[in-house]
Amino acid sequence: MPSIVHLDLDAFFAAVEQRDKPSLRGKPVIVGGVGTRGVVATASYEARVFGVRSAMRTAEARARCPHAAYLTGRFAAYRITSRAVMAVLREVSPLVEPVSLDEAYVDLAGDASRDLSVAGVEELAAALKERVREVTGGVTASVGAGTSKLVAKIASDLRKPDGLLVVEPGTETDLLHPMPVGRIPGVGPATAERLRRIGVHTVGELARAGEPDLVAALGRAHGHALARLAMAEDDRAVVPLRESKSISAEDTFEHDIVDPAMLAVIIDRLGTRVSERLTRERLSGRTVTVKIRLFDFTTYTRSATLAGPTDDVRVVNRLARRLLAEVDTSAGVRLLGVGMSGLADWVQEDLFGSAAGGELEADLAARKADDADLVEAAGRPQVVQGPRAAEVADEAGLAATADGVPREPEPPRWSAGQDVIHTEYGPGWVWGAGLRRVTVRFETAATGPGPVRTFGTDDPDLAPYTPLTWDPGQRVSPKVSATARPASPAP
DNA sequence: TCTGGGGTCCTAGGACCC
DNA sequence: TCTGGGGTCCTAGGACCC
């Protein structure tokens, strides 16, 4: 039965930008690093016409397509939209495995009553595509389905963008065998080259090659796996909840850094980012890894493992600095990274016995509620609020540095003027397709319910990014509620 | 103006233990 | 004193994915 579905959002980041900025629709849009060392994360299909591709250096993209819009990512917006898509998929089956923000597998076999004929799955896939378009405000998806993850993924690839293909059971190898080996996920340039050297160019040739030869050329695990995939043998399950195995943060600098004091500051900042994520996600880890890329792109990692897991920023930073010192950085560093692995579900409170248990549960409930708020959001005008507003705003690029030189994030401010609200005390920031007017009610501890104010603009290009502003007089723990509505009735 | 940032999985060698 | 395997953990690097 073709019970595995793969859904892939088309040119996702660029599509979200085009949704939120109507002036970009129909035009080349490139999302990625915009600095001299940036690379393309996503190019809209209009940009791909000019040969712009993911992972291409932005400099080359600019040469090929100078008139494109070059944007840094707004990951909070992508995340909100992604969650809405995943929610749609979970309406169909609980067995949903997100691969990334823009990709997921669904296993339909959980529901015995479902029509899993090719026609039945085609109908379902078409309905999914339509629902995705609705909840995302117009982002299209490509959907593939088949008897395995491999076939479903290749099927969605074949029909993108905005396509649909259900591979009839029994025809898998007919589809796969003429393809170049590089179409198989997991076969990159290095593997393709090794295969070429033993005379294997297509999946059919891969299937005919003996497994011993493949293992000799590629190693035990990879050789075995590819031999099976080539014959469309793939029993990998759709796994709904994957626990993360590592957390890391890294920065590439616009200019190579030599000053050891500067490097120490940066390594601390990266370690702090990692620690904060660990704490937020109620994880801790045992192995700290520092990544150092020198001016000439030679890359070192140095790691050390603690006796027990921690999320303590002091421990992480001390260890990270020590590991950094093991590498000669005097010629210049272009990238630094800090990572934590050996993760365990472990929180500091556990150290002090079960007394903190109730508090912990409350925290978890609060986090769940936050997530629910975000899920609500996609495709509609939205206020992001609560403890994670700062994080969300940060991801949205509001705190991004313009010149790529890392610096400490600015503390939350409450001032008149054009400040975008992105502090944990405020309502967050406003985002949404078709947003025009936002009504905000201020309430402070000192004054009680306060004035109602309306924010907004009639410029359709600016509207989705409407910032909220207010006066310094309202800075006392303001409690703010906001409603946002489109300027015109929803179609 | 060469080559991002977040991950996963695998390999290979050495230490160490039984 | 020349000789085992097997298992696990740790470290460094590399391929690959989105």
Side-chain angles (χ1 to χ4, degrees), chain A residues 6-14 30-43 53-63 72-73 75 78-79 82 97-105 149 153 156-157 160 181-195 215 217-226 236 239 242-256 270 273-274 277 286-307 323 326-327 334-343 395 400 404 406:
Chain A
H6 180 255
L7 181 138
D8 195 330
L9 298 164
D10 302 315
F12 179 51
F13 300 167
I30 291 162
V31 178
V34 297
T36 54
R37 287 176 169 174
V39 299
V40 174
T42 307
R53 295 285 179 274
S54 293
M56 176 181 282
R57 282 178 300 118
T58 300
E60 185 178 348
R62 284 189 199 278
T72 58
F75 280 85
Y78 309 151
R79 180 153 304 156
S82 176
E97 178 180 332
V99 179
S100 62
L101 287 181
D102 67 348
E103 222 182 279
Y105 291 99
K149 280 184 164 180
K153 164 108 178 136
S156 69
D157 264 0
K160 78 181 42 168
V181 286
R183 290 302 284 264
I184 294 184
V187 178
T191 303
E193 172 59 21
R194 288 182 184 187
L195 290 173
V215 168
L218 308 175
R220 197 169 51 83
H222 210 186
H224 176 70
L226 278 189
R236 290 172 298 166
V239 183
R242 284 228 136 93
E243 298 194 346
S244 46
K245 309 217 158 157
S246 67
I247 283 177
S248 64
E250 63 184 57
D251 270 339
T252 293
F253 317 119
E254 200 74 350
H255 305 284
D256 296 339
L270 293 165
R273 256 153 71 181
V274 170
R277 268 194 66 195
R286 284 184 63 218
T287 303
V288 173
T289 301
V290 165
K291 178 170 166 183
I292 301 142
R293 175 120 73 208
L294 300 183
F295 69 101
D296 62 355
F297 223 73
T298 56
T299 305
Y300 299 92
T301 61
R302 290 293 178 269
S303 64
T305 300
L306 298 159
L323 291 165
E326 292 179 11
V327 173
R334 69 174 283 143
L335 170 149
L336 275 187
V338 173
M340 179 72 93
S341 57
L343 300 187
E395 288 176 3

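Just so it is clear: chains get the letters A, B, ... in the order the sequence lines come, proteins before strands, and each one is counted from 1. Keep in mind it's a predicted model, so treat the numbers as computed, not measured. These numbers come from the heavy atoms of this one structure, side chains and all, not from hydrogens, waters or symmetry mates.
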Arg277(A) side-chain N/O to dG5(B) phosphate OP1/OP2 under 4.0 Å
no
Do we count Phe297(A) as stacking onto dT3(B) if the rule is ring centres under 5.5 Å and planes under 30°?
yes
Rounded to whole Å, CG of Leu218(A) lies from P of dC16(C) at a distance of 9 Å
Nearest whole angstrom, please: distance from the C1' of dT1(B) to the CG of Asp256(A).
13 Å
At under 4.0 Å between heavy atoms, what does Ser54(A) touch on the DNA or RNA strands: base, sugar-phosphate, or nothing?
nothing
Out of dG6(B), dG4(B), dT11(B), whichever nucleotide has its closest atom nearest the side chain of Ala249(A)
dG6(B)
Return whichever of Ala63(A) or Leu335(A) has its heavy-atom-nearest nucleotide of DNA chain B closer to the 5' end.
Ala63(A)
OP1, OP2 of dT11(C) versus side-chain N and O of Thr305(A): anything below 4.0 Å?
yes
Quick one: is dA12(C) close enough that its OP1 or OP2 comes under 4.0 Å of any side-chain N or O from Ser303(A)?
yes
Is there a side-chain polar atom (N or O) of Thr301(A) under 4.0 Å from OP1 or OP2 of dT11(C)?
no
Within-4.5 Å side-chain heavy-atom neighbours: Thr191(A) and Leu226(A)
yes
Give one of base, sugar-phosphate or nothing for Lys153(A), where a contact means two heavy atoms less than 4.0 Å apart.
sugar-phosphate
Write down the distance separating the P atoms in dC2(B) and dC18(C), rounded off to the nearest Å.
28 Å
Exactly one of Leu270(A), Leu335(A), Leu336(A) clears side-chain contact (heavy atoms from CB on, under 4.5 Å) with Asp251(A), and that residue is Leu270(A)
Measure from the side chain of Thr36(A), starting at C-beta and using heavy atoms only, and say which of dT11(C), dT1(B), dG7(B) lies closest.
dT1(B)
So do Val239(A) and Tyr105(A) actually touch side chain to side chain, heavy atoms under 4.5 Å?
no
Between NE2 of His6(A) and P of dC17(C) the distance, given in whole Å, is 13 Å
Would you mind telling me which of dT1(B), dT11(B), dT11(C) lies closest to the side-chain atoms of Arg57(A)?
dT1(B)
Between dG4(B), dG6(B), dT8(B), spot the one nearest the side chain of Arg293(A), thanks.
dG4(B)
Any donor-acceptor pair under 3.5 Å linking the side chain of Arg242(A) with the backbone of Pro98(A)?
no
Please work out whether dC2(B) sits syn or anti, treating a glycosidic angle within 90° of 0 as syn.
syn
What's Ser244(A) touching, base or sugar-phosphate or nothing? Going by heavy atoms closer than 4.0 Å.
sugar-phosphate
Within less than 4.0 Å of OP1 or OP2 of dG6(B), is there a side-chain N or O belonging to Ser248(A)?
no
Atom CG of Leu195(A) to atom P of dC16(C): distance rounded to whole Å?
10 Å
Would you indicate, yes or no, if dC16(C) has its OP1 or OP2 atom less than 4.0 angstrom from a side-chain nitrogen or oxygen of Thr191(A)?
yes
So Val40(A), base contact, sugar-phosphate only, or nothing? Heavy-atom distance under 4.0 Å.
nothing
With a cut-off of less than 4.0 Å, is there a side-chain N or O of Ser246(A) near OP1 or OP2 of dT8(B)?
yes
Please determine if a side-chain N or O atom of Lys245(A) lies less than 4.0 Å away from the OP1 or OP2 oxygen of dG7(B).
no
Out of dT11(C), dG5(B), dC10(C), which nucleotide sits closest to the side chain of Thr287(A)?
dT11(C)
Let's see if you can work this out: which of dT1(B), dC18(C), dC10(C) has an atom nearest to the side-chain heavy atoms of Ala59(A)?
dT1(B)
Scan Arg62(A) against the nucleic acid and name what it touches under 4.0 Å (heavy atoms): base, sugar-phosphate only, or nothing.
nothing
I'd like to know if the side chain of Arg293(A) pairs up with that of Thr299(A) as donor and acceptor (distance under 3.5 Å, no hydrogens or angles considered).
yes
Using the rule side-chain contact (heavy atoms from CB on, under 4.5 Å), only one of Thr42(A), Val40(A), Ile30(A) pairs with Phe13(A); which is it?
Thr42(A)
Any Lys153(A) side-chain heavy atom under 4.5 Å of Glu103(A) side chain:
yes
Using a 4.0 Å heavy-atom cut-off, does Phe12(A) contact any base of the nucleic acid, only the sugar-phosphate backbone, or nothing at all?
nothing
Could you check Gly33(A) against Glu243(A) and say which one's nearest nucleotide on DNA chain B is further toward the 5' end?
Gly33(A)
Among dT3(B), dG7(B), dC10(C), which nucleotide has an atom closest to any side-chain atom of Arg37(A)?
dT3(B)
Classify Ala304(A) by what it touches in the nucleic acid, base, sugar-phosphate, or nothing, heavy-atom distance under 4.0 Å.
sugar-phosphate
Leu101(A) near the nucleic acid: base, sugar-phosphate alone, or nothing, with a heavy-atom cut-off under 4.0 Å?
nothing
Touch class at under 4.0 angstrom, heavy-atom based, for Arg242(A) against every strand present
nothing
Applying the 3.5 Å cut-off to both distances, the Watson-Crick or G-U partner of dC17(B) turns out to be dG6(C)
pair Tyr78(A)-Asp102(A): side-chain heavy atoms closer than 4.5 Å
no
Of the nucleotides dT3(B), dG13(C), dG5(B), which one has an atom closest to the side chain of Arg302(A)?
dG13(C)
Indicate whether OP1 or OP2 belonging to dC2(B) is found under 4.0 Å from a side-chain N or O atom of Arg334(A).
no
